[in-house]
Amino acid sequence: MDDDNKLKHNAVSKLVDEWTKLVDIDNKEEQLALLSYRSDRTIYKEAIIKNNPSYILGMKNSFLGFHILDIPFKIIKFIKKKFIKVAYRKDCGINSGKVLVAPYGGMFFHKQLIKKIGLPNELFFVYADDYEWSYRIPNIYLVLDSQIEDIDISWNLKKISSPFYTYLNNGSDFRVYYSVRNRVYFEQSIVNNRYSYSINKAVFLFFLFFYRNCSNKSRYEIFKKAVIDGLSGNLGETFDMGI
C-alpha cells in the first residue's frame, strides 16, 4: 500500500477470496499477485474487459503509451464520449482478470514472490519502478470487488485533453523528469521493433513541440533530457534543477 491509499470495506477479504479461487495457478506463492481496483484508474478495468493484459502499456512499441496506429481509435473514443455520451460499462459481468503491470498500491502477494523475482530496481529512484518490478510477475489479477481509493489524486490523472499538455503543464519538474526517464528506460526492455518505436517517439515529440510556450519552455527541455537519459540508461538520482 502507498501512504495515500485508503482501503474500502472488505477490500482485503475480497483479495483473500480471489486467491483461494485461483486453483489453476501452480505455486501461487511465487507466481501470483492480486491487485485492488482504483476507480480513478479505469484503464485497468478496460484491460480486463477487453481481455488484453498489456492494454495498460499501450500498443506494442508505443512511446509513453503513444502509438500512431492508435490515433484513429482515440479520436473515435473521444467523439463517442463527447457527443454520443456512450455509458461506460460499469456492470460488465467480470469480477477479475489479468493485467500485465500494476502499481504498488493495492497489490497483494506472498513474500515468496519477492525471493523469486527480486526487489524493485533502486536505480529508478522514484516513479515507474512499480511497472518494471510488476512486469516480472508471471500472473497479476485485478479484482474489481476489492477497492481502494487515493487520498491524493496523482498529478498525471487530472482530466486534461492530452498527455502533451499534461507533461508540459502539470506536476513538478521533478515528477515529470523521473516518470518520463524511467518509463522510457523500462520501455527499452519490452520493445520488439526499434523502427516502429522510433517513429512513435518522433511523432510524439513533434506534437509536444507545438504545446511548448514561454511559460513551459524549461519543462520542455527537462522532458527532452528525461527521454535522452532514459534511452541511454542514465539512472539514479540524476535530476538537476539547473537543467
Side-chain angles (χ1 to χ4, degrees), residues 2 4-5 38-47 54-59 61-82 88 99-105 124-132 134 149-188 190 197-231 238-241 243:
D2 287 337
D4 63 345
N5 293 153
R38 284 187 263 190
S39 60
D40 61 347
R41 305 195 181 198
T42 57
I43 192 170
Y44 287 88
K45 185 174 182 178
E46 291 182 61
S54 63
Y55 182 73
I56 300 161
L57 296 176
M59 295 179 67
N61 302 307
S62 295
F63 174 77
L64 297 177
F66 172 85
H67 199 293
I68 56 173
L69 296 181
D70 200 33
I71 293 176
F73 299 103
K74 289 188 178 297
I75 293 175
I76 293 172
K77 184 177 180 180
F78 173 79
I79 293 173
K80 286 182 177 180
K81 184 177 180 181
K82 190 75 173 179
Y88 184 72
V99 293
L100 195 61
V101 293
Y104 293 133
F124 275 48
F125 183 54
V126 289
Y127 304 123
D129 52 319
D130 49 1
Y131 272 21
E132 189 278 332
S134 62
E149 61 179 331
D150 292 326
I151 298 173
D152 297 317
I153 299 176
S154 297
W155 65 273
N156 58 343
L157 292 179
K158 293 181 179 180
K159 294 183 179 180
I160 297 298
S161 58
S162 76
F164 313 110
Y165 181 96
T166 299
Y167 281 123
L168 294 186
N169 296 281
N170 284 358
S172 65
D173 293 346
F174 177 91
R175 286 176 170 175
V176 169
Y177 173 79
Y178 282 111
S179 61
V180 171
R181 183 202 69 175
N182 294 343
R183 174 65 183 262
V184 169
Y185 177 80
F186 166 63
E187 288 175 344
Q188 306 318 298
I190 61 177
Y197 182 79
S198 296
I199 291 177
N200 290 318
K201 174 169 67 70
V203 174
F204 185 100
L205 293 174
F206 175 79
F207 286 148
L208 188 74
F209 176 81
F210 289 99
Y211 279 79
R212 187 186 65 164
N213 56 45
C214 294
S215 64
N216 61 28
K217 187 176 180 179
S218 62
R219 173 69 64 81
Y220 176 75
E221 296 301 322
I222 288 170
F223 185 96
K224 291 197 302 180
K225 178 66 163 54
V227 172
I228 292 171
D229 286 349
L231 291 172
T238 57
F239 180 72
D240 182 1
M241 291 296 291
I243 291 177

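Here the structure is a predicted model, which means the values were calculated and not measured. Heavy atoms only: backbone and side chains are in, while hydrogens, waters and symmetry mates are out.
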Requested in this report: Please name the pair of heavy atoms, one in Asn200 and one in Ile68, separated by the smallest distance, quoted to 0.1 Å.
Outcome: OD1-N, 2.9 Å
Query raised in the report: How about Phe223 and Leu205: do any of their side-chain heavy atoms sit closer than 4.5 Å?
Result: yes
**Report entry** Nearest-0.5 Å distance that lies between atom CD in Glu132 and atom CD1 in Ile190
**Finding:** 10.5 Å
**Report entry** Atom pair OG/CD of Ser62 and Glu187 - distance to nearest 0.5 Å
**Finding:** 7.5 Å
Requested in this report: Might you work through the side chain to side chain contact (heavy atoms under 4.5 Å, CB included) test for Val203 and Phe63, ending with a clear yes or no?
Outcome: CA-CA 9 Å; Val203 174; Phe63 174 77; over 6 Å; no
Requested in this report: Given side chain to side chain contact (heavy atoms under 4.5 Å, CB included), test Ile71 with Phe66 step by step and report yes or no.
Outcome: CA-CA 8 Å; Ile71 293 176; Phe66 172 85; 4.0 Å; yes
Query raised in the report: Which value, rounded to the nearest 0.5 Å, describes the distance between Leu64 atom CG and Leu208 atom CG?
Result: 9.5 Å
Query - Gap between atom OH of Tyr177 and atom CZ of Phe125 - 0.5 Å precision - result: 11.0 Å
Query raised in the report: Do Tyr211 and Asn216 have a side chain donor and acceptor closer than 3.5 Å?
Result: no
Query raised in the report: For Tyr167 and Val176, which heavy atoms make the closest approach, and how far apart are they?
Result: O-CG2, 3.7 Å
**Report entry** Nearest heavy atoms of Arg212 and Leu168, plus distance in Å
**Finding:** N-CD1, 3.9 Å
Query raised in the report: Can you name the nearest heavy-atom pair linking Tyr178 to Phe239, along with the distance?
Result: OH-N, 2.9 Å
Query raised in the report: Aromatic rings Phe204 and Phe164: how do their planes relate, parallel, tilted or perpendicular, breaks at 30° and 60°?
Result: tilted
Query raised in the report: Are Ser162 and Phe207 close enough that some pair of their side-chain heavy atoms sits under 4.5 Å apart?
Result: no
Query - Short side-chain to backbone donor-acceptor contact, Gln188 and Val184, under 3.5 Å - result: yes
**Report entry** ring-ring contact (aromatic ring centres under 6.0 Å, His included) against Tyr220, all qualifying residues, sequence neighbours excluded
**Finding:** none
Report summary line: The reported gap from CG in Leu69 to CG in Asn61 (rounded to nearest 0.5 angstrom) is 10.0 Å
**Report entry** Spacing of Tyr185 atom OH and Asp129 atom CG [to the nearest 0.5 Å]
**Finding:** 12.5 Å
Requested in this report: Quick one: closest heavy-atom pair of Leu57 and Arg183, and the distance?
Outcome: O-NH2, 3.3 Å
Query raised in the report: Do any N or O atoms from the side chain of Arg219 and from the backbone of Asn170 form a donor-acceptor pair under 3.5 angstrom?
Result: yes
Query raised in the report: At their closest point, which heavy atom of Asn182 faces which heavy atom of Phe124, and how far apart are they?
Result: ND2-O, 2.8 Å
